Amino acid sequence: MRVQRPEYPAAVKVSLAFVGLALACLAVADLSISTLDPWTELQRMAWGLLTPDFLAIPSLWDALLKTVSFALCGVALGASAGFLLAQAFHWGPVRWLCAFVRAVHEIFWAFILLQIFGLTPLTGILAIAIPYAGICAKVYSETLEEAPAAALALLPAGSSRISAFFFVRLPDVWVHIKNYTSYRFECGLRSSAVLGFIGLPTLGFHLETAFGEGLYSEAAALLMIFYLLIATLRYWMRPRLLPLYVLAAPFLLGAGAEMQMSNLLRFFTQDIIPAPLRNADLGAAETWQALAEWLQYLWSQQALPGMIATVVLTQIALVATGLLALGFFPLISRQFMGPVGRRLGHVFLVVLRSTPEFILAYVFLQLWGPSMLPAVVALALHNGAIIGHLLGRYSDQLRLRPDASRGINRYGYEILPRLYGQYLAFLFYRWEIIMRETAILGILGIATLGFYIDSALSEIRLDRVVLLILFTATLNIGIDSLSRQIRQRLRLSHQIRET
Amino acid sequence: MRFGRLVAFAAMIFTTLFASFSTHSADTFVFTAIPDQDESRLKERFDKVAAYLSDALDVPVKYIPVKSYPAAVTAFRNNQVQLAWFGGLSGVQARNAVEGSRAIAQGAEDPLFETYFIAHSSTGLKASDSFPGGIAGMTFTFGSKGSTSGRLMPEFHIRENLGKSPDEAFEKVGFSGDHSKTIALVQSGAYQVGAVNFQVWKKELEAGIVDPAKVSVIWQTPPYPDYQWSIRGDVDERWSEGFTEKVTQALVDMKDPDLLASFPRTAFIPASNSDFQPIEDTAKALKLID
């Protein structure tokens, strides 16, 4: 007699497939621990954390103001452009354009813009606004699509599309758009700070310096101020004050250097032209032979190995993120914690998600030596805290029976099954973002695509930079579309936008 | 209450607003410096250098900070700075990108710069006069990818002596980003061996950051030319005839130990593009430039 085996739900099968894939990646990844003596440096870090020095950075206030100003300008511009683009999102080219601009990490946008606009505020604003326009366009258009159709049907015949839009469709979804935009602003603050690493005069500028030189008391002070900024966001970011903020922000960015149109022209007509074609005879066969060799070299020596390392790291970090998020979300959930516990949980998650991955990675590099391990743990902690936060908030909305079980039984039998779809959706949204973030971990000697882009940049070979960024964008678009297909297959809700 | 807060906030905004509209003269001579060490005090100290140059040249001079070697080169290339304190390699990159630009001055120490190879004590490697072949197969960290002392010269000697690229010669290769981090990473044993600017090493040793029981110098490279001031070719046209010479003279005349400490150098001496030909040849051999 045959025993009938239980049929697992699709969501579980997909989860197991991803865990299996991550295990396979683990087999080829290098996770060795090789450090001998990390404690001196770690002691210094810990001491710095205990003795934050808020007075050591003379331009602290200015950096704080600029962090907020760049975020405001960038997000305001990005969200407005995104809103306009959302109206034409059904049109293929607009959709592709948006997919492309959001597939490139803001750090890489900044690198490109730095070539064109130099060290000017415009570089920083556009580095945030361009990718955010792509993200907002997508989310706004999905939100508008989901607006209930009932109200639209009640309109008298002959109502113009414009009045229909402003009086019926928009009011229905306004709350969602508002919530999403304010979430984007928190991301904008993080982006603004991180852009300091490459030269924007924001908190990250001083943080990278202090950290790089081992001035851990200064670094700790900067980090704490940044945590505070994020944690108090809802107290100072009032809708009523927003117009004032947005009007003031452009004036707070500082002057920067002068801008020259000739740089823009040179960027497009020389810099990004593949080296073999520059000043070459386009009629000659050797030119094209040289181009073929150039492409062959970049593909086989950099793009392909870079993609493999990127995917391996991403898949492991994604599953690790998922596991951590499952552990993190109860910390801030009403279903598991009292008010004091939740508050502590919030602090813990704010700290984890606001600490730049680069810094986490450096600490773990000290601890374990160079391998993929510091990268995986850094990415997983950062992203796990973000998903844990979103999941925790979502779990608060679940209604339980008064006699519902408690503790581990509540977790395993009540909450987790109901959250699971949402949980997977969050992770799939985050997948592509984790992939983008693998770019900035070159210090670990992990040769992801971002590592090669950074190398080409330091050799001032912009033709290579652009080509490698195109590969990266293609890979991200591929992951994004795969993630969408899986979400559709699993019928995961479209309602999640906060990743 | 809410109104009061609003007024306070508006007042704050307007004060900052006026502060940010401070004069930004059209023909300010702007310079930068690669952030290779002591970045935190760079702005403070280079503002003093700017004041000195402004006095000597009789034009407004401004320093702008950059975060990375390529950013300094890009700013030079884009004419957002006209003068820059570069490393050997970044100077070559910058001058190749800007026609007519020249190396005009270098530190008295720069014609004979050195890289130290440092190793963690557990490797058992001892200081030697010849290249330490024993580092093959260990983990190794360079400094910044665009650094002459932290990357270009050590890579050259590794290829020369081990006959392999760093990727093939070592178990793992990292780029710490700057010299201080290289020291920290080798001291903790995160990487077994590293290559570091000899001046940064000496400074950190004096400052007590280096623990000689854990990390020590195992080899020093033969000397090579490194840091220099480079200036764009079009400054004479833009400011005045002989401006380049005036800048060179001002740099060479800089005697204030406090100013020289920013670099840190004992004095500046004149330099020319050809002084850095060895660096350019090495960079070409390593295919770091075309």
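Just so you know, these numbers come straight off a predicted model, no measurement behind them. In what follows, chains are A, B, ... by sequence order, proteins preceding strands, each numbered from 1.
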Subject >> Nearest non-hydrogen partners of A/Pro370 and B/Ala190, listed with the distance >> reply: CD-O, 2.7 Å
Subject >> Exercise: identify the closest heavy-atom pair between B/Asn78 and A/Arg266 >> reply: OD1-NH2, 2.7 Å
Original post:
Does any N or O in the side chain of B/Gln187 come within less than 3.5 Å of the main-chain N or O of A/Thr40, such that one atom is a donor and the other an acceptor?
Top reply: no
Original post:
So which of B/Val81, B/Ile289, B/Asp167 has the biggest tally of heavy-atom pairs under 4.5 Å with chain A?
Top reply: B/Ile289
**OP:** Against chain A, label B/Ser122 side chain, backbone, both or neither, depending on which of its atoms sit under 4.5 Å from a heavy atom there.
**Re:** side chain
Original post:
Within 45° of the six-membered ring axis of A/Phe451 and under 6.0 Å from that ring's centre, is NZ or CZ of B/Lys145 located there?
Top reply: yes
Original post:
So which part of A/Leu264 gets closer than 4.5 Å to some heavy atom of chain B, the side chain, the backbone, both or neither?
Top reply: neither
Original post:
What distance do B/Asp290 atom CG and A/Arg461 atom CZ have between them, rounded to the nearest 0.5 Å?
Top reply: 4.5 Å
Original post:
Between atom CD1 of A/Ile460 and atom CZ of B/Arg77, what is the distance when rounded to the nearest 0.5 Å?
Top reply: 8.0 Å
Subject >> Enclosure of A/Trp236 CH2 (heavy-atom neighbours >12, cutoff 6.0 Å) >> reply: yes
Original post:
Rounded to the nearest 0.5 Å, how far does OG of B/Ser144 lie from CG of A/Asp454?
Top reply: 8.0 Å
Subject >> Contact class of B/Ile183 relative to chain A, heavy atoms under 4.5 angstrom >> reply: neither
**OP:** Could I get the full list of side chain to side chain donor-acceptor pair (under 3.5 Å) partners for A/Gln115, not counting sequence neighbours?
**Re:** B/Thr74
Original post:
Could you give the distance from CZ (A/Phe205) to NZ (B/Lys67), rounded to the nearest 0.5 Å?
Top reply: 4.5 Å
Original post:
Can any side-chain N or O of B/Gln93 pair as donor or acceptor with the backbone N or O of A/Ser458 at less than 3.5 Å?
Top reply: yes
Original post:
For B/Ala75, is it the side chain, the backbone, both or neither that has a heavy atom under 4.5 Å from a heavy atom of chain A?
Top reply: side chain
Subject >> Minimum-distance pair of heavy atoms, taken over all atoms of B/Lys172 and A/Ser371 >> reply: NZ-CB, 4.1 Å
Original post:
Between B/Ile209 and A/Arg44, is a side-chain contact (heavy atoms from CB on, under 4.5 Å) present by the stated rule, with each step listed?
Top reply: CA-CA 11 Å; B/Ile209 298 168; A/Arg44 276 196 196 129; 3.9 Å; yes
**OP:** Would you give the length of the straight line joining atom CD of A/Glu459 to atom CG of B/Leu286, rounded to the nearest 0.5 angstrom?
**Re:** 10.0 Å
**OP:** Give, as side chain, backbone, both or neither, the part of A/Phe111 having an atom under 4.5 angstrom from any heavy atom of chain B.
**Re:** neither
**OP:** Look up atom CD in B/Gln80 and atom CZ in A/Phe117, then write down how far apart they are to the nearest 0.5 Å.
**Re:** 11.0 Å
